[in-house]
Visitor: 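Handing you this structure, nothing more for now.
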Amino acid sequence: MSVTIVGGGTAGWMTAAALSRLLPHQCEITLVESEAIGIVGVGEATLPHIRGFNERLGIPEAEFMAATRATIKLGIEFNDWGRIGDSYVHPFGTFGNARGAVDFHHYWTRLRQAGLPVDDLQEYSLGVRLARANRFDFPSQDGESLRSTYGYAYQFDAMQFAPYLRGIAERAGVKRIEGRIVAVERSPESGDVTAVQLDNGRNVGGELFVDCSGFGSLLLGRTLSESFEDWSQWLPCDSAVAVPCRTETALSPFTSATAMGAGWRWRIPLQHRTGNGYVYSSAHLDDDSARAALLAVVEGEPMAEPRVLRFRAGRRARSWSHNVVGVGLASGFLEPLESTSIYLIQQAITFLVELFPAGAASPSDRDEFNRLIDLEYDRIRDFLILHYHATTRSDSSFWDYVRTMAIPDSLAEKIELFRRRGRVVKYREGVFLDASWVAVYLGQGIMPEGHDRRADLPDEAALVAAMTALRQQIAAEVAATTEHRRFLDHYCPMRRAA
């Protein structure tokens, strides 16, 4: 089957690398991109799932981290979200030792409700404690070990990621064509896309097209007119101003998301620079004020002029329509609060590989792809809304709006279940499992009124002693772990310019 990928960048080259490595000899891949069109470069911060993606493609971790100037990411630090002065970490891992049938936070809730002196739940997460201490070593593969209770992802230079993947894809046989697309041809009978026409007059045909054209959504949106489901009533931030600066502070192994008057700002430390940005609602803040607010707080000398981006939260009604599969921004967009942009690209590619057609795509394959990717978008949407809605902040019109807005029924039901019993809605698959929801619920100030009754079984004094012992064990593990900068210098130092 001939596959034509429209657009390079992160989505395009991830798709090209994955299809060429995972479906060798089953498709001929052509990627069309124009050097005259800049790339958005989404996803400087990632989720742990990227490690599995890289491993399946046979990418050596240390080589990849050095090429993309990556640092380790143990989670995301949220500041000033529930109320000004709050700070918590959403770790890539669990709370407690994660060996029992009942989630750790139910035992913690029981002791807290009994008025016993228990520490903040964050103190019982090895991942959180490592992040706060600026330390890292690889997790253990032994499920009985406390060191198996955390995972990690990467913070890397997204502008280096696509070129790195391009090398892999081209070595695997992907053909790249330079050119700007000026027209799209469709079959008058089926409506399928048959070719794209370039500005040099050349036509590039294909049987399957993958739309990686970014916000423009050239094939899926503009050509096939797939409607866009707008979620801005729940996620009103529609702009961002970004600026890199020299890394002059600690190279922390976590991404920071600090709430601001009309949104939030990110801080992503890489080996050679720190990424900064302010995501805001244009209905509550103008661009110049956002730019000034960001420049007033960045740590280090800015390395470029601040750049403003526009976006709209939501997704296409169908991400696979006719013979076009949308991947990345062409399919939908959710702000980078939980670093999900590359994850959504990765999941779309994974579903495409699993449902890759042997000939003409069947309606059932398309429907299954759309069901799976819609689930991912919808779950992440609810998780993001939770951060905004679960707040007591009333210091600006923006926070007044998100605190009091009507939320999706699916999220309201989740919050009620946790508030009443401390229970998290179970997913069989997908992103953000129990510990992630618990971290954000408690971090934002939603405390459960009840707990799993099985947590009442242990003797109270024994439970308190076990909690104390766990804290001591975590402290010992942290002390024995390598400082983050030292780990990077030893494992994956970035390549220096010649």
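Numbers here simply count residues along the sequence, with the first being 1.
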Visitor: Roughly how far, to the nearest 0.5 Å, is the CG atom of L235 from the OG atom of S281?
Guide: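 These two atoms lie 11.0 Å from each other.
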
Visitor: With sequence neighbours left out, which residue pairs that include part of residues 333-346 fulfil the salt bridge (Lys or Arg N to Asp or Glu O under 4.0 Å) condition?
Guide: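 As it turns out, there is no salt bridge (Lys or Arg N to Asp or Glu O under 4.0 Å) pair with a partner in residues 333-346 once direct neighbours are skipped.
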
Visitor: Can you check side-chain contact (heavy atoms from CB on, under 4.5 Å) on Y280 and S289, steps first, answer last?
Guide: CA-CA 10 Å; Y280 56 97; S289 298; over 6 Å; no

Visitor: Can you see which heavy atom on T255 is nearest to which on Q155, and at what distance?
Guide: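 Heavy-atom minimum between the residues: OG1-OE1, 2.7 Å.
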
Visitor: For the atom pair SG (C212) and CD1 (I345), what is the distance rounded to the nearest 0.5 Å?
Guide: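 The SG atom of C212 sits 7.5 Å away from the CD1 atom of I345.
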
Visitor: Could you tell me whether R486 atom CZ has more than 12 heavy atoms of other residues or ligands within 6.0 Å of it?
Guide: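 No.
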
Visitor: Is the closest side-chain heavy-atom distance between V325 and L220 below 4.5 Å?
Guide: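 Side chain of V325 against side chain of L220, heavy atoms only: no contact under 4.5 Å found.
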
Visitor: Can you find a heavy atom in the side chain of R312 that is under 4.5 Å from one in the side chain of F333?
Guide: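 Not in contact.
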
Visitor: Kindly indicate, with the supporting measurements, whether the criterion ring pair (Phe, Tyr, Trp, His ring centres under 6.0 Å) is fulfilled by F138 and F487.
Guide: CA-CA 10 Å; F138 290 116; F487 170 86; 5.3 Å; yes

Visitor: Are any of the side-chain heavy atoms of V241 and V243 separated by less than 4.5 Å?
Guide: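 Sidechains of V243 and V241: no contact.
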
Visitor: How are the rings of W399 and Y388 set to each other: parallel, tilted or perpendicular (split at 30° and 60°)?
Guide: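 Ring orientation of W399 relative to Y388: tilted.
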
Visitor: Closest approach of T149 and G96, non-hydrogen atoms and distance?
Guide: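 Closest pair (atom of T149, atom of G96, distance): CG2-O, 4.0 Å.
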
Visitor: I'd like to know if R485 pairs up with D489 as an ion pair, taking the criterion as any Lys NZ or Arg NE/NH1/NH2 lying under 4.0 Å from an Asp or Glu carboxylate oxygen.
Guide: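 Yes, charged N to carboxylate O under 4.0 Å.
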
Visitor: Between D103 and R423, is there a side-chain N and carboxylate O pair less than 4.0 Å apart?
Guide: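 Salt bridge absent between D103 and R423.
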
Visitor: Would a 4.5 Å heavy-atom cut-off, applied to side chains only, mark Y154 and N54 as touching?
Guide: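 Yes, side chains in contact.
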
Visitor: Sub-3.5 Å donor-acceptor pair from the side chain of D211 to the main-chain atoms of L219, do we have one?
Guide: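 Judged by distance alone, yes, a pair lies under 3.5 Å.
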
Visitor: Hey, does I342 have a side-chain heavy atom less than 4.5 Å from the side chain of M14?
Guide: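 M14 vs I342: side chains touch.
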
Visitor: Is the shortest side-chain N to carboxylate O distance from R291 to D288 below 4.0 Å?
Guide: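 Yes.
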
Visitor: Could you check whether any side-chain heavy atom of I385 comes within less than 4.5 Å of a side-chain heavy atom of P408, counting everything from C-beta outward?
Guide: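 Side chain of I385 against side chain of P408, heavy atoms only: contact under 4.5 Å found.
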
Visitor: With rounding to the nearest 0.5 angstrom, report the CD to CD distance, E178 to E33.
Guide: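 So the CD of E178 and the CD of E33 are separated by 6.5 Å.
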
Visitor: Quick check: do T71 and L488 have side-chain heavy atoms less than 4.5 Å from each other?
Guide: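 When only atoms from C-beta onward are counted, L488 and T71 do touch, with a gap below 4.5 Å.
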
Visitor: Side chains of D80 and T258: any donor to acceptor distance under 3.5 Å?
Guide: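 Their side chains do not contain a donor-acceptor pair, so the 3.5 Å distance test is not met.
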
Visitor: Could you pull out the closest heavy-atom pair between P269 and F254, with the gap in Å?
Guide: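 For P269 and F254, the tightest heavy-atom pair comes out as CD-O, 3.7 Å.
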
Visitor: Under 6.0 Å between ring centres, would you say that holds for Y343 and H49?
Guide: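 They qualify: ring centres under 6.0 Å apart.
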
Visitor: Please, which pairs that meet salt bridge (Lys or Arg N to Asp or Glu O under 4.0 Å) have at least one residue in residues 156-166, sequence neighbours excluded?
Guide: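 Sorted pair list: D157-R273, R166-E170.
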
Visitor: In chain order, what residues pass the salt bridge (charged side-chain N to carboxylate O under 4.0 Å, His left out) check against E61, with sequence neighbours excluded?
Guide: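 Salt bridge (charged side-chain N to carboxylate O under 4.0 Å, His left out) check on E61 returns nothing, list empty.
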
Visitor: So, W264 versus Y278, ring centres under 6.0 angstrom or not?
Guide: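 Centroid separation for W264 and Y278: 6.0 Å or greater.
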
Visitor: Side chain to side chain contact (heavy atoms under 4.5 Å, CB included) with Y441: which of K414, M447, H105?
Guide: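 Per the side chain to side chain contact (heavy atoms under 4.5 Å, CB included) rule, the option paired with Y441 is K414, out of K414, M447, H105.
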
Visitor: Closer than 3.5 angstrom, by distance alone: can the side chain of R403 be matched with the main-chain N or O of R393 as a donor-acceptor pair?
Guide: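 Yes: the side chain of R403 pairs with the backbone of R393.
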
Visitor: To check you understand the geometry: which heavy-atom pair defines the closest contact between S217 and R316, and what is its length?
Guide: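 Distance-wise, the nearest heavy atoms are CB-NH2, 3.4 Å.
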
Visitor: Do H484 and S252 meet the criterion of a side-chain donor-acceptor pair at a distance under 3.5 Å?
Guide: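 Judged by distance alone, the side chains do not pair up.
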
Visitor: So, for T391 and W81, which heavy atoms are closest and what is the spacing to 0.1 Å?
Guide: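 Taking T391 first and W81 second, the nearest heavy atoms are OG1-O, 2.7 Å.
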
Visitor: Please round to the nearest 0.5 Å and tell me the distance separating atom CD1 of I59 and atom CD1 of I50.
Guide: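 Reported to 0.5 Å precision, the distance equals 7.5 Å.
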
Visitor: side-chain contact (heavy atoms from CB on, under 4.5 Å) between E477 and R147: does it pass, once the steps are laid out?
Guide: CA-CA 8 Å; E477 294 284 4; R147 279 184 173 261; 2.7 Å; yes

Visitor: Counting the benzene-type ring for Trp, do F64 and F156 have ring centres under 6.0 Å apart?
Guide: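 So the answer is yes for these two rings.
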
Visitor: Does any donor atom in the side chain of R132 or S87 lie under 3.5 Å from an acceptor atom in the other side chain?
Guide: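 Looking only at side-chain atoms, S87 and R132 do form a donor-acceptor pair, the distance falling under 3.5 Å.
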
Visitor: Using atom types as modelled and distance alone, determine if a side-chain donor or acceptor of Y150 lies under 3.5 Å from a backbone N or O of S125.
Guide: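 Judged by distance alone, no pair lies under 3.5 Å.
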
Visitor: Should S339 and T46 count as side-chain neighbours, where that means a heavy-atom distance under 4.5 Å?
Guide: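 Answer no - side chains too far apart.
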
Visitor: Using 30° and 60° as the class boundaries, would you call the ring planes of Y401 and H284 parallel, tilted or perpendicular?
Guide: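 Ring orientation, 0 to 90° scale: tilted.
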
Visitor: So, using side chain to side chain contact (heavy atoms under 4.5 Å, CB included) as the criterion, who are the partners of S232 when residues are at least two apart?
Guide: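 Only D230 meet the side chain to side chain contact (heavy atoms under 4.5 Å, CB included) criterion with S232.
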
Visitor: With sequence neighbours left out, which residue pairs that include part of residues 51-60 fulfil the salt bridge (Lys or Arg N to Asp or Glu O under 4.0 Å) condition?
Guide: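 Output for this query is empty, none listed.
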
Visitor: Hey, is the main chain of Q346 close enough, under 3.5 Å, to the side chain of T350 for a donor-acceptor pair?
Guide: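 Indeed, once roles are kept as given, a pair shorter than 3.5 Å links the two residues.
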
Visitor: Do any N or O atoms from the side chain of S396 and from the backbone of G261 form a donor-acceptor pair under 3.5 angstrom?
Guide: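 It does hold such a pair.
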
Visitor: Looking only at non-hydrogen atoms, find the nearest pair between I29 and S20 and report the distance.
Guide: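 Result for this residue pair: CD1-N, 3.5 Å.
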
Visitor: Side chains of R310 and S282 only: does a donor on one sit below 3.5 Å from an acceptor on the other?
Guide: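 No, no side-chain donor-acceptor contact under 3.5 Å.
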
Visitor: Is it the case that S140 and D142 place a side-chain donor and acceptor less than 3.5 Å from each other?
Guide: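 No pair is found: no donor N or O on one side chain lies under 3.5 Å from an acceptor on the other.
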
Visitor: Checking side-chain polar atoms at under 3.5 Å, does E77 have a donor or acceptor matched by the opposite partner on S256?
Guide: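 Checked: E77/S256 side chains pair up, N/O donor to acceptor below 3.5 Å.
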
Visitor: Working to the nearest 0.5 Å, report the span between CZ of R129 and CG of L74.
Guide: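 Atom-to-atom, R129:CZ and L74:CG are 13.5 Å apart.
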
Visitor: Tell me, with the steps shown, if F369 and E354 meet side-chain contact (heavy atoms from CB on, under 4.5 Å).
Guide: CA-CA 9 Å; F369 178 93; E354 293 172 352; over 6 Å; no

Visitor: Any salt bridge (Lys or Arg N to Asp or Glu O under 4.0 Å) involving residues 83-92? Give me the pairs, sequence neighbours left out, ordered by first then second residue.
Guide: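 As it turns out, the salt bridge (Lys or Arg N to Asp or Glu O under 4.0 Å) pairs with a partner in residues 83-92, which skip direct neighbours, are R83-D86.
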
Visitor: Measure the spacing between CG of L337 and NE2 of H90 and express it to the nearest 0.5 Å.
Guide: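 Answer rounded to 0.5 Å: 10.5 Å.
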
Visitor: Could you go through the side-chain contact (heavy atoms from CB on, under 4.5 Å) check for S410 and D378 one step at a time?
Guide: CA-CA 9 Å; S410 53; D378 294 354; over 6 Å; no

Visitor: Could you check whether W437 and F432 have their ring centres less than 6.0 Å apart?
Guide: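 Not under 6.0 Å, so no.
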
